[in-house]
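Take a look at the structure below.
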Amino acid sequence: MRTIKAVAIKELHQIGRDRRTLAILLVFPAFILLIYGYALNFDIRNIRLAVQDLDRSTESRRLVSAFVNSGYFSLVDYVTSDAEVDDLVNRNEARAMLSIPDGFGRDVLRRTPVTVQVVIDGDNANTASTVMGYAQAIVAEYPRTFWCAPPRAPVRRRWSRWSRASGTSPDLRSTLFLVPGLIAFIAMITAVVSTALSVVREKERGTMEQIRMSPIGPLSFIVGKTIPYLALSFVSALLILFTAQLLFDLPMRGSWTLLCGSILLFLVGAQAQGLLISTIATSQQVAFQVALLSSFLPTFILSGFIFPISSMPLAVQAVSHIVPARYFLVALRAIVLKGAGLPAFWEQLVWLGLFSTVALGAASLRLRREWS
């Protein structure tokens with residue numbers, strides 16, 4: 001225990017003198033959170049909307065106002081024919097058109113089901129899907145402006161063949177989906193890179209031979225080396241979470257105990273990966289490049305951070321099973337956004353524990369071989 005404490009204290013002093021490690025642990029997370037948090041946004045604003053209002057009643061104008069006041073649509077013109085719609089879309093002056101039929105106001109007041117049409121420019125499938133989600137939610141919410149409890153299907157939606165359905169709601173900002181992924185992304189990179197550099201640093205400075213000749217065993221050396229980075233990475237992850245709550249209104253609906261436990265388990269696996277890299281690399285430059293490559297790209301592309309795993313080819317989906325961030329993201333979003341309990345994501349924690357065990361075992365075997 002004393003040897004572990006001595007190694008940990010020595011490593012803390014080393015971290016304080018190493019500006020590169022401090023930058024990785026403190027400056028890099030803040031930089032990534034601000035850049036990605038503000039720049040990476042799937043929300044679409046000021047969608048140019050044309051309206052074909054054949055009813056021209058108070059109720060139809062209220063529906064148009066609901067679109068404009070949502071903050072997502074901006075009214076560009078009223079049209080009277082399909083030819084005008086085609087012309088606006090072709091000249092890129094409108095990306096969506098709302099068509100309200102004659103008798104709309106009368107049917108709404110009578111609580112009779114009525115159909116409105118939404119036409120969307122489909123040249124960009126992702127944008128069209130998002131815009132359709134906004135329109136769908138606005139139309140579904142419209143009856144509540146008349147009644148506290150809307151009647152059965154008072155307004156029906158009819159989507160044109162140019163549109164694509166989406167479950168996205170105007171009330172759901174893409175930031176709430178992306179920020180938890182950023183937390184996993186940043187924590188993975190900082191933990192892997194900082195841990196990978198710590199052991200290789202001893203090799204480069206020639207102190208590894210002295211450590212082998214000392215009474216410090218490989219287990220004490222590993223634990224003492226990783227504890228400071230585990231603590232700093234954990235604090236960094238919590239600071240990122242608090243900053244996200246402050247800057248992006250990220251909710252916290254679940255248990256803090258489950259959240260902290262999941263973060264710690266994820267960081268243990270990330271540090272085990274960093275230790276494994278450090279036993280293979282011969283210089284800090286190589287360790288940094290391998291650590292960044294093995295943590296940055298898989299976490300960004302194969303974890304479900306931005307791109308849904310279900311839409312990837314089967315071979316890529318199979319590879320994503322060895323990416324720990326894939327499991328951590330499911331648990332993190334379940335806790336933070338949904339307030340779910342352990343039964344909802346316990347399998348993800350089991351996979352994280354399995355990854356940590358395998359990575360730690362491989363790193364220990366490599367280090368013991370070098371030690372002997």
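Here the structure is a predicted model, which means the values were calculated and not measured.
Looking at Asn46, its side chain never comes within 3.5 Å of a backbone N or O of Ser74 through a donor-acceptor pair. Checked by atom type and distance alone, the side chain of Thr279 pairs as donor or acceptor with a backbone atom of Leu276 at under 3.5 Å.
Scanning all heavy atoms of the two residues, the minimum distance from Val79 to Ala50 falls at CG1-CB, 4.4 Å. Taking all atoms of both residues into account, the shortest heavy-atom contact from Ala340 to Phe345 is O-CE2, 3.8 Å. For the residue pair Ser262 and Phe328, the shortest heavy atom distance occurs at O-CE1, 3.6 Å. Heavy atoms only, all atoms of each residue included: Leu267 and Ser233 are closest at CD1-C, 3.7 Å. Nearest heavy atom pair, residue Ala270 against residue Val192, reads O-CG2, 3.3 Å. The two atoms that bring Ile47 and Ala96 nearest to each other are CG2-CB, 4.5 Å, heavy atoms only.
Put simply, Ile277 and Val323 are part of the same group of oily side chains (I, L, V, M, F, W, Y) that touch within less than 4.5 Å, one to the next. Cluster membership check: Leu264 shares its hydrophobic cluster with Phe242, using side-chain heavy-atom separations under 4.5 Å among Ile, Leu, Val, Met, Phe, Trp and Tyr. Linking ILVMFWY residues whenever their side-chain heavy atoms come closer than 4.5 Å, directly or via other members, leaves Ile100 and Leu54 in distinct clusters. Using a 4.5 Å cut-off between side-chain heavy atoms of Ile, Leu, Val, Met, Phe, Trp and Tyr, with links allowed through other members, Val268 and Val330 fall into different hydrophobic clusters. Cluster membership check: Phe300 shares its hydrophobic cluster with Ile240, using side-chain heavy-atom separations under 4.5 Å among Ile, Leu, Val, Met, Phe, Trp and Tyr.
Expressed to the nearest 0.5 Å, how far CZ of Arg61 lies from CZ of Phe104 amounts to 12.0 Å. With rounding to the nearest 0.5 Å, the separation of CG in Leu232 from CG in Leu239 is 10.5 Å. The structure places CG of Leu258 at 12.0 Å from CG of Leu332, a figure rounded to the nearest 0.5 Å. For the atom pair NE2 (His321) and CD1 (Ile309), the distance works out to 7.5 Å, reported to the nearest 0.5 Å. The distance from the CG atom of Asp77 to the CZ atom of Arg48 is 13.0 Å, given to the nearest 0.5 Å. To the nearest 0.5 angstrom, Leu275 atom CG is 11.0 Å from Ile280 atom CD1.
Side-chain contact between Asp107 and Glu59 is absent, with no heavy-atom pair separated by less than 4.5 Å. A heavy-atom distance below 4.5 Å is found between the side chains of Pro251 and Leu337. A heavy-atom distance below 4.5 Å is found between the side chains of Leu230 and Gln271. At least one side-chain heavy atom of Pro101 sits less than 4.5 Å from a side-chain heavy atom of Val114.
Partners of Leu293 under the side-chain contact (heavy atoms from CB on, under 4.5 Å) rule, at least two apart in sequence or in another chain, are Leu297. Scanning for side-chain contact (heavy atoms from CB on, under 4.5 Å) contacts around Thr357 gives an empty result, with sequence neighbours left out. With sequence neighbours left out, the side-chain contact (heavy atoms from CB on, under 4.5 Å) criterion links Glu93 to Leu88, Arg91. Scored by the side-chain contact (heavy atoms from CB on, under 4.5 Å) test, Val286 finds Ala281, Ser283, Val290 as partners (sequence neighbours excluded). Annotation: side-chain hydrogen bond (donor to acceptor under 3.5 Å, both in side chains) contacts of Gln52 (sequence neighbours excluded): Ser99.
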Where do Leu352 and Leu349 land on the side-chain contact (heavy atoms from CB on, under 4.5 Å) test, with the steps shown first? CA-CA 5 Å; Leu352 275 178; Leu349 298 186; 4.2 Å; yes

Taking it one step at a time, do Val108 and Leu63 satisfy side-chain contact (heavy atoms from CB on, under 4.5 Å)? CA-CA 11 Å; Val108 167; Leu63 178 59; over 6 Å; no

Worked verdict on Val76 versus Leu49 for side-chain contact (heavy atoms from CB on, under 4.5 Å): CA-CA 6 Å; Val76 294; Leu49 176 70; 5.7 Å; no

Stepwise, does the side-chain contact (heavy atoms from CB on, under 4.5 Å) test hold for Ile335 with Met252? CA-CA 7 Å; Ile335 296 171; Met252 177 54 196; 3.8 Å; yes

Test side chain to side chain donor-acceptor pair (under 3.5 Å) on Ser320 and Arg326 and set out the steps. CA-CA 7 Å; Ser320 70; Arg326 166 183 177 152; 2.6 Å; yes

Quick one, Trp346 with Tyr327, criterion ring-ring contact (aromatic ring centres under 6.0 Å, His included). Give me CA distance, side-chain angles, the key distance, then yes/no. CA-CA 10 Å; Trp346 65 270; Tyr327 309 107; over 10 Å; no

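Side-chain polar atoms of Ser60 and Asp53 form a donor-acceptor pair below 3.5 angstrom. Under the 3.5 Å distance criterion, with hydrogens and angles disregarded, a donor-acceptor pair is assigned to the side chains of Ser294 and Gln273.
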Could you tabulate the donor-acceptor pairs under 3.5 Å formed by side-chain atoms of residues 176-189, not counting sequence neighbours?
none

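Applying the 6.0 Å contact sphere to CG of Leu354 captures more than 12 heavy atoms from other residues, nucleotides or ligands.
Taking the six-membered ring for Trp and the full ring otherwise, the centers of Phe266 and Trp351 sit at least 6.0 Å from each other.
Under the 30°/60° scheme for interplanar angles, the aromatic rings of Phe67 and Phe73 are found to stand perpendicular.
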